Amino acid sequence: MKRKTPRSRSAFGAAFPFPPVLGLAVAAMVALPLVPPCVAAAQSVAVTDFSIPAQALSSALTQFSRQSGVHVAVDGKDVENLRSSPVQGKKTPEQALDDMLAGTGVVVRAKADGVWMLQRAARAAMTPAGLPEGEAVIVTGRASTRRQRKIDASYAITTISQEDLRVRGTSSVSEALKNTPGFWVEASGGEVGANIRARGIPVDGYGSVQLEEDGLPIQSDPALGYLNADDSFRIDETMKQIQVVRGGPSSIVAQNAPGGLVNFLSRRGTSRLSGLAKQTFGDDGLYRTDAWLGGPAGAWRWSLGGFYRVENGVRDPGFRANSGGQIRANISRDFSHGGSVFVDYKHLDDRTAFFTDIPVTYDKAGNIASLPGFNANTGDYSSSVLENAYLPGPGGSTKHIDLQSGIHINLNQVTAGFRHDLADGWHLTDTFRYRAMNATWTVLSPSAVTDADKRLAGLGDAGSMFAGATGWQLRYANDPAQPFSSSLAGNNYVTDASLRAVWINEHEVMNDFKLEKSFAFLGHHDVAAGAFVTYFNEDFTRYSANLLLDTTPHAQLLNIDAVNAAGDVVGSTTQNGYTRYGTEFANGSGDDTDVAGYATDEWAITKKLRVDTGVRYEAQRTSGLVEGSHSVVAGAAPYLSNMLSGNGVYTPYHAGFAGFGGTIGVNYQLQPNLGFFARFTRAYRLPSLASFITNPVAVPITQKIFMYEGGVKYQSRYADLFLTGFNTDYPSYAINNLVFDVKTGSYNQQAITATTHTYGLEFEGTIRPSHYFDIVFSGTAQNARFGRMRYLVLNNGAPSLLDYTGNHLLRTPPVMFRVTPRLHLLDGRLLLQADIEHYGLRYADVANTQRLPAYTVINFGATYAITPYLTFNLSGENLNDSLGLTEGNPRSGEVLSSQAGQNVFLARPILGRNFRLSLMGQF
């Protein structure tokens with residue numbers, strides 16, 4: 001017997017070329033009695049009744065060995081941070097192990113002397129992006145925690161790795177999601193406050209797309225009136241991956257997600273001490289530090305990380321645009337019986353600029369161009385003269401508006417969860433989150449750009465307002481002796497704008513409780529049922545003032561002065577450039593309670609055919625108080641004669657809503673690398689507190705969306721390809737925007753309803769002709785149109801029918817795509833890539849009178865691994881300085897734009913050329 005042991009070890013070493021100590025470390029770990037080879041061989045074909053819940057893969061392998069009698073060996077690095085799929089029922093050991101390893105990338109490499117050797121698939125050949133697209137493990141869009149590969153999913157999903165973000169220098173949610181087919185992303189507003197439209201659902205902000213962090217909403221209503229979900233979330237190195245579901249079951253497993261679901265997956269602590277630090281510099285004055293550290297503490301795992309940055313901004317406002325950061329810590333533990341627990345804390349204190357519209361014009365060829373005196377790639381109206389404003393309010397009060405504050409979020413968030421395995425194969429999961437947030441939303445909103453002479457002519461006779469006046473004159477507020485002139489400004493245009501501040505205080509509690517079980521009945525079922533509960537309350541206050549600016553970057557305030565024949569000032573309609581104080585008023589509060597129940601079943605009828613179903617029922621109650629407003633005359637001057645203020649009368653609101661959604665999908669996996677799917681979903685979105693916080697008598701409706709989709713998924717050594725056709729019927733379209741009136745300086749509410757219909761094709765994938773070169777691509781081709789869009793207006797006192805049926809939807813491109821050729825050189829240490837992005841023609845209004853031309857953007861990224869522990873990255877965005885417009889001026893009217901046909905108009909272009917450089921060390 002003593003001679004057999006060396007021979008056994010020698011055979012083992014010959015079968016497996018890498019050091020056997022690494023594999024035997026986990027083989028010895030199970031502390032099993034030695035099973036003779038003949039017994040192990042017999043057991044490999046025997047059927048055993050397995051009961052192994054989903055858990056950390058290392059502990060699941062231990063249970064597999066005990067129940068099967070088969071020894072397994074694997075390098076600990078190959079199973080670190082991986083979770084198994086559950087195994088239930090009578091199976092051979094081979095079948096049980098295949099089920100357990102599904103989606104992990106771990107496979108059986110060899111069998112010898114009663115030991116099965118496991119290894120991470122193609123570990124040595126992995127690219128920086130990680131596993132092939134189809135092998136990505138999907139945890140988003142599903143209630144079940146059973147492991148599933150992207151190529152096996154019965155819906156469309158995009159995965160974005162941290163490596164993808166690093167090579168592009170991406171730090172904002174909107175820029176990260178530009179890679180997603182079916183999503184039209186307007187990332188021109190800066191780091192936060194984006195608009196995202198999913199599959200032609202024509203709502204702004206995140207009204208159709210939910211953002212989640214580790215499976216729970218970042219905020220239950222992602223479009224909470226002046227507060228998008230991305231306002232209170234930052235991407236940093238504590239995050240490991242993004243998974244994006246388009247349509248499909250997103251509205252069944254998540255709240256307020258009819259068009260899509262974005263899940264940010266965070267890092268957890270590791271079994272050995274590891275960490276990274278990254279320093280980033282930008283040519284726009286960016287200095288940013290990211291760090292993360294994680295490791296073991298006995299049976300527990302811990303991690304700590306965050307970021308801090310300061311930045312002037314590509315559109316330099318004349319003061320620091322972005323400043324602040326966040327810190328995050330968590331602890332977690334996996335138990336040997338399959339359960340787990342974690343607690344996570346995050347603190348965010350960050351200020352970010354929000355960019356609105358700027359003036360643009362056309363060149364001789366009819367292309368979008370910068371207005372003389374205003375660079376459209378880098379210019380911004382904001383200036384130091386608007387940085388700190390103390391403005392008069394009713395009753396002698398003073399309102400402090402700090403434009404440098406921008407969108408300032410101060411957030412504290414605690415998340416905790418556990419998983420526990422119950423009797424008879426049931427599994428219980430519960431996740432809880434509490435967040436408390438103070439937000440200040442401060443922005444300069446240009447409303448209209450007008451020729452200076454026409455602006456003065458529209459004021460009427462100066463003498464009728466001020467005795468002795470013979471005319472009007474524009475003068476600089478900071479230099480009253482200096483008249484405005486086109487020679488000073490570079491153009492003869494002036495801009496009416498609003499300085500607006502919103503103060504929000506919000507507290508929120510949410511909890512997701514879920515039960516799961518796998519069982520066999522006419523195939524295999526993975527069923528889950530859960531209850532989601534959320535409660536939040538909000539205090540909301542708004543104040544704004546109108547002002548007049550010259551049309552230049554770092555704009556200066558202008559006074560409108562009445563002058564006599566000698567040119568002396570005898571009166572003014574403005575004070576320090578302000579044309580009206582107290583333009584808008586809002587003061588409200590309320591709370592919202594939402595309870596939802598959901599259930600799903602993933603039914604594998606055969607190994608190739610699976611049917612996925614799900615239902616969700618949701619009930620909501622909201623109530624609160626809104627203070628009414630009245631006009632206050634605070635002085636004889638025009639700018640003091642019409643100030644809106646609270647009237648002390650509070651109107652209560654109470655409302656309840658309910659919605660039902662369902663989905664059914666079929667997936668047929670013809671081959672392990674080739675599958676087809678089809679799905680129908682009845683989605684919905686309930687109104688919320690945001691519908692009433694400024695209007696207690698609002699009558700919102702429950703939005704209904706009907707979505708059809710089908711696709712093909714293919715994966716091979718040379719290509720990954722995912723094609724999805726979709727059709728979206730949206731019978732609940734409503735425009736509710738504020739239209740600015742230059743003559744009165746007020747905002748008029750515009751509300752119109754209609755139906756929309758969109759169909760199209762999404763595509764994404766990778767072509768790999770060699771190890772040194774590949775092409776990553778994604779895009780959408782779609783036809784997005786209004787259905788019935790007819791309404792009556794008064795024209796010179798007579799009714800007139802406007803019919804926009806069949807017009808293109810607002811700001812939705814018919815074609816958009818990104819193609820990224822990549823070079824992998826120096827044994828994979830050097831990655832060079834370029835993005836070519838194209839977005840087709842869009843329209844800024846329902847009438848399709850204001851065109852937003854097609855545009856193309858070229859980006860660049862390079863990553864070089866100096867050592868295995870030190871990486872250099874250089875990225876450049878908009879290298880061709882494209883002047884792509886993402887929106888026209890919404891304040892000119894989104895039905896029929898008052899800017900249509902004007903040579904100079906307001907719009908929001910993408911940011912101009914900029915570069916980022918970073919150095920990252922990790923161990």
Side-chain angles (χ1 to χ4, degrees), residues 43 45-55 60 63-64 66-68 83-104 137-149 151-155 248-249 252-253 337-339 419-430 512-531 596-617 660-672 675-682:
Q43 287 174 332
V45 295
V47 173
T48 302
D49 192 3
F50 287 93
S51 179
I52 305 175
Q55 57 191 288
Q63 293 190 26
F64 168 77
R66 290 172 178 165
Q67 295 182 25
S68 67
R83 285 184 61 83
S84 70
S85 293
V87 179
Q88 297 288 334
K90 294 185 177 183
K91 304 174 185 290
T92 66
E94 287 91 345
Q95 293 171 335
L97 192 58
D98 285 346
D99 288 349
M100 178 185 295
L101 299 177
T104 64
V137 176
I138 303 307
V139 299
T140 304
R142 307 172 60 231
S144 171
T145 56
R146 180 183 173 88
R147 291 280 158 159
Q148 186 179 91
R149 300 181 304 163
I151 199 169
D152 296 325
S154 61
Y155 51 91
I252 305 303
V253 299
H337 60 72
R419 177 183 171 85
H420 183 67
D421 297 328
L422 305 174
D424 299 324
W426 285 94
H427 313 292
L428 181 153
T429 304
D430 191 82
D512 188 30
F513 173 89
K514 182 168 55 182
L515 285 170
E516 300 175 64
K517 183 176 175 60
S518 298
F519 62 89
F521 176 74
L522 300 178
H524 179 85
H525 294 262
D526 293 302
V527 297
Y598 59 90
T600 65
D601 180 12
E602 296 179 359
W603 176 20
I605 301 174
T606 69
K607 286 188 175 181
K608 293 185 176 182
L609 178 63
R610 192 180 72 250
V611 176
D612 299 335
T613 59
V615 292
R616 183 183 184 95
Y617 179 79
F660 173 80
T663 186
I664 181 168
V666 178
N667 187 82
Y668 184 74
Q669 208 65 26
L670 183 64
Q671 299 291 339
F676 304 87
F677 76 91
R679 180 176 289 271
F680 166 73
T681 303
R682 182 190 190 275

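Because the structure is a prediction, the values reported are computed rather than measured.
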Starting at CG of Leu515, measure out to CG of Asp430 and round the result to the nearest 0.5 Å.
-> 10.0 Å
Minimum heavy-atom distance between Tyr598 and Ala143, given as atom pair plus value = CE1-CB, 4.0 Å
Value for CD1 (Ile605) from OH (Tyr668), rounded to nearest 0.5 Å, stands at 11.5 Å
Contacts of Asp49 that satisfy side chain to side chain contact (heavy atoms under 4.5 Å, CB included) - sequence neighbours left out | Lys90
For Pro672 and Arg149, work out which heavy atoms get closest and say how close.
-> O-NH2, 2.9 Å
Between Asn667 and Ala153 the two heavy atoms that sit nearest each other are OD1-O, 3.3 Å
What distance do Thr613 atom OG1 and Ile252 atom CD1 have between them, rounded to the nearest 0.5 Å?
-> 10.0 Å
Do you know which two heavy atoms are closest between Phe50 and Pro93, and how far apart they sit?
-> CZ-CA, 4.1 Å
Would you say Trp603 and Phe521 make side-chain contact, with heavy atoms under 4.5 Å?
-> no
Nearest-0.5 Å distance that lies between atom CZ in Arg610 and atom CD in Gln669 = 8.0 Å
Can you list, pair by pair, the side-chain donor-acceptor contacts under 3.5 Å of residues 95-102, counting residues two or more places apart and other chains?
residue: Gln95; atom: OE1; partner: Thr92; partner atom: N; Å: 3.0
residue: Asp99; atom: OD2; partner: Lys91; partner atom: NZ; Å: 3.0

Arg142-Thr600 side chain donor-acceptor pair, cut-off 3.5 Å | no
Set of side chain to side chain contact (heavy atoms under 4.5 Å, CB included) partners for Phe676, sequence neighbours left out | Leu670, Leu674, Val712
Is there a side-chain contact between Pro249 and Arg679 (heavy atoms, below 4.5 Å)?
-> yes
Can you find a heavy atom in the side chain of Arg419 that is under 4.5 Å from one in the side chain of Glu516?
-> yes
